[in-house]
Amino acid sequence: MCVRTRVAPSPTGDPHVGTAFIALFNLCFARQHKGEFILRVEDTDQARSTPESEKMIMDSLRWLGLDWSEGPDKGGEYGPYRQSERRDIYDTHIKQLLDDDHAFHCFCSNERLDEIRSHQQENKLAQGYDGHCMGLSKEEVAAKLEAGEPHVVRMKVPREGTCTFSDMLRGEIDIDWQQVDMQILMKGDGMPTYHLANVVDDHLMKITHVIRGEEWISSAPKHQLLYKYFGWDMPELCHLPLLRNPDKSKLSKRKNPTSISYYERMGFLPEALVNYLGRMGWSMPDEREKFTLDEMVEHFDISRVSLGGPIFDQEKLSWLNGTWIREDLSTEQFAERLKNWALNSDYLMQFAEMAQGRVDRLSDVAPISSFMLSGMLEVSEADFEHKKLEKDDVRKLLQFIVWKLEAQRDWCKDSIFNDVKTLSKQMGHKMGDFMFPIFVAIAGTPNSWSVMDSMAILGPDMSRARLRHALNVLGGPSKKEGKRWEKEFKVLGAE
């Protein structure tokens, strides 16, 4: 048997270190067994998926040295490797499930589903679809389809008994079927959900081992059932532990930068980041902390993965990165890495004109441009004092602009400006006052060139990280305050 593993990111945002973590362990397992590592793009979320995000993910994985043998850019025997290009394949398999009575059309409105959910929550009942549309006759279904009623396709799930499946790290796992929802397999727009596409693609691409995060354990019964319905053998499952913040919570961008691009922009070496991710829940036989990707592949043993939630600690990562810089780079190599990182002409040319217009001597360039060559800025609460904005105004402003920019998929000067201008008007602040804390968060001072230009050049990952850092300096919202702000922000978004 040829071992085949895959990583299947969704191109809906910045490239996540969790994606790199999963990709690393899939790559190591495949190479250790002389197999193949595949990249598949799961872009069935038409509203949020973008080509820009796909490119960023692929560029980031390549930067880390986590290359693949088959994928959208390379082709392969089992393509296409973008799910949006496999729609006919999914349609065929949905039809098969419907014909075999393993799935059904569901015409329930969002209002009805909300009522079901509220009733279940109020009465502390198990969450999930109640099977209402399974009772429709063939004639009723045909009439509704003929009339063009909106619908989805759901899978049938047993209501009694227990699902048992095997995990390479955890052994046998039992989950009661009553805990498993009648999953939507085909959405109202005709695109498949993750669950259908994942199973169909893994089978047709001959994936032998599915190595993914433990958040997918609860979905394994649905996948096992689909394999059974199609009459296929299920791949071996291995659920890796989730990366966690130092406080043991699930790794999140609100507490820890999660974008691979952020760490590249911060000046971390790809070798060091891969090394650090390799230490997340796994260790070399001799327990040494510093090792290369090739060394990890050579000694890789999936059974050495620890199920305890590995802590993603930036201080530890910085220490390891510094060790790589000092021990593995000659002075000449260090200078070359530094030049390639941010002192290259392509990057400098993006803000050279703005710097040129504000200096009298070349020695003036470094002080006014340092924020373009830095990571997190050393800002204090006093830096955000403003004659027209109270501290709480600034805190809310920063939180709202972070939320606004997190939804931005077209990261450019004009898009950023439109977001800022719209939010300024909605929150009732003059543009000049509204911009003040954004300038300080991004440039460390209100007296810089266009902050929109700076954010466009720095990129979404670094810009958002600096805004979150500024909010943390001022004190992020409490749980109660955060919920209130979220409601206010949603109201603004609806206007």
Side-chain angles (χ1 to χ4, degrees), residues 1-10 22-23 25-27 29-30 33-45 68-72 74-104 152-158 163-168 173 175 180-187 190-213 215-240 302:
M1 175 185 69
C2 175
V3 168
R4 290 172 61 83
T5 66
R6 50 75 171 172
V7 66
S10 297
I22 297 297
F25 279 70
N26 274 277
L27 179 147
F29 185 84
H33 289 86
K34 311 300 181 187
E36 301 291 342
F37 171 59
I38 315 304
L39 173 69
R40 184 173 71 227
V41 176
E42 300 196 339
D43 58 348
T44 57
D45 187 338
W68 48 93
S69 56
E70 302 169 27
K74 296 185 177 183
E77 185 178 351
Y78 304 102
Y81 294 88
R82 289 187 188 90
Q83 289 185 336
S84 60
E85 299 171 5
R86 299 172 63 84
R87 188 162 176 171
D88 290 345
I89 296 172
Y90 307 131
D91 288 345
T92 299
H93 286 83
I94 278 289
K95 184 177 185 303
Q96 180 181 337
L97 291 173
L98 289 168
D99 290 345
D100 293 343
D101 200 29
H102 295 316
F104 62 96
V152 298
V153 175
R154 292 181 183 270
M155 68 184 296
K156 290 188 175 180
V157 177
C163 173
T164 300
F165 59 93
S166 181
D167 183 278
M168 295 171 67
I173 298 175
I175 297 179
V180 182
D181 193 13
M182 296 180 190
Q183 180 65 50
I184 293 176
L185 300 177
M186 189 71 79
K187 295 178 287 188
M191 292 297 288
T193 61
Y194 165 85
H195 303 277
L196 175 78
N198 164 72
V199 167
V200 171
D201 290 347
D202 281 347
H203 174 73
L204 296 181
M205 294 180 183
K206 299 189 182 303
I207 301 302
T208 60
H209 295 77
V210 173
I211 303 172
R212 59 191 180 188
E215 70 268 30
W216 294 108
I217 289 177
S218 62
S219 296
K222 303 172 189 177
H223 301 166
Q224 184 197 64
L225 197 58
L226 284 171
Y227 278 103
K228 178 183 176 181
Y229 286 163
F230 287 124
W232 300 335
D233 293 330
M234 187 165 73
E236 293 285 329
L237 298 182
C238 180
H239 292 92
L240 299 176
I302 197 75

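One-based numbering along the sequence shown.
Residues N198 and R40 have side chains in contact (heavy-atom distance under 4.5 Å, counting atoms from C-beta outward). Put simply, the side chain of L196 does not reach to within 4.5 Å of the side chain of V153, judged on heavy atoms. Within the 4.5 Å cutoff, the side chain of L240 has heavy atoms near those of the I211 side chain. When side chains are defined from C-beta on, D91 does not count as touching I94, because their heavy atoms never get closer than 4.5 Å. Residues I217 and F165 have side chains in contact (heavy-atom distance under 4.5 Å, counting atoms from C-beta outward). Residues K222 and V180 meet the side-chain proximity criterion, which asks for heavy atoms closer than 4.5 Å.
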Would you give me the side-chain donor-acceptor pairs under 3.5 Å for residues 224-235, sequence neighbours excluded?
residue, atom, partner, partner atom, Å
Q224, NE2, T164, O, 2.9
Y229, OH, K156, O, 2.7
W232, NE1, H203, NE2, 3.3

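A donor-acceptor contact shorter than 3.5 Å is absent between the side chain of R212 and the backbone of I22. Judged by distance alone, the side chain of S69 and the main-chain N or O of F37 form a donor-acceptor pair under 3.5 Å. The backbone N or O of T44 lies less than 3.5 Å from a partner atom in the side chain of K187, making a donor-acceptor pair. Side-chain atoms of R4 come within 3.5 Å of backbone N or O of M205 as a donor-acceptor pair.
Looking at K206 and E77, no side-chain N of the basic residue comes within less than 4.0 Å of a carboxylate O on the acidic one, giving no salt bridge.
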### Query
Can you list the steps and then say if T193 with Y90 is a side-chain contact (heavy atoms from CB on, under 4.5 Å)?
CA-CA 10 Å; T193 61; Y90 307 131; over 6 Å; no
- Could you check L204 against H93 for side-chain contact (heavy atoms from CB on, under 4.5 Å), going step by step and ending with a plain yes or no? CA-CA 12 Å; L204 296 181; H93 286 83; 4.2 Å; yes
*Should R6 and D202 be marked as a side-chain contact (heavy atoms from CB on, under 4.5 Å) after you check the CA-CA gap, both sets of side-chain angles, and the distance that decides it?*
CA-CA 9 Å; R6 50 75 171 172; D202 281 347; 2.8 Å; yes
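The minimum heavy-atom distance linking E42 with A8 is given by the pair OE2-CB, 3.2 Å. Of all heavy-atom pairs between P80 and R86, the closest is O-NH1, 2.9 Å. When every heavy atom of G213 is checked against every heavy atom of H239, the shortest pair comes out as O-CD2, 3.5 Å. Smallest separation of non-hydrogen atoms from C2 and T208: O-CG2, 3.4 Å.
Between C163 atom SG and H223 atom NE2 the span is 11.0 Å, to the nearest 0.5 Å.
Checked against side chain to side chain contact (heavy atoms under 4.5 Å, CB included), D100 has the following partners two or more places apart in sequence or in another chain: Q96, H102. Among residues two or more places apart in sequence or in another chain, the salt bridge (charged side-chain N to carboxylate O under 4.0 Å, His left out) test is passed with D43 by none. Under the ring pair (Phe, Tyr, Trp, His ring centres under 6.0 Å) criterion, Y81 pairs with no residue at all, not counting sequence neighbours. Residues forming a side chain to side chain contact (heavy atoms under 4.5 Å, CB included) with S166 (at least two apart in sequence, or on another chain): none. In this view, E36 satisfies the salt bridge (charged side-chain N to carboxylate O under 4.0 Å, His left out) rule with no residue, not counting sequence neighbours.
Within 6.0 Å of the NZ atom in K95, the count of heavy atoms belonging to other residues, nucleotides or ligands does not exceed 12.
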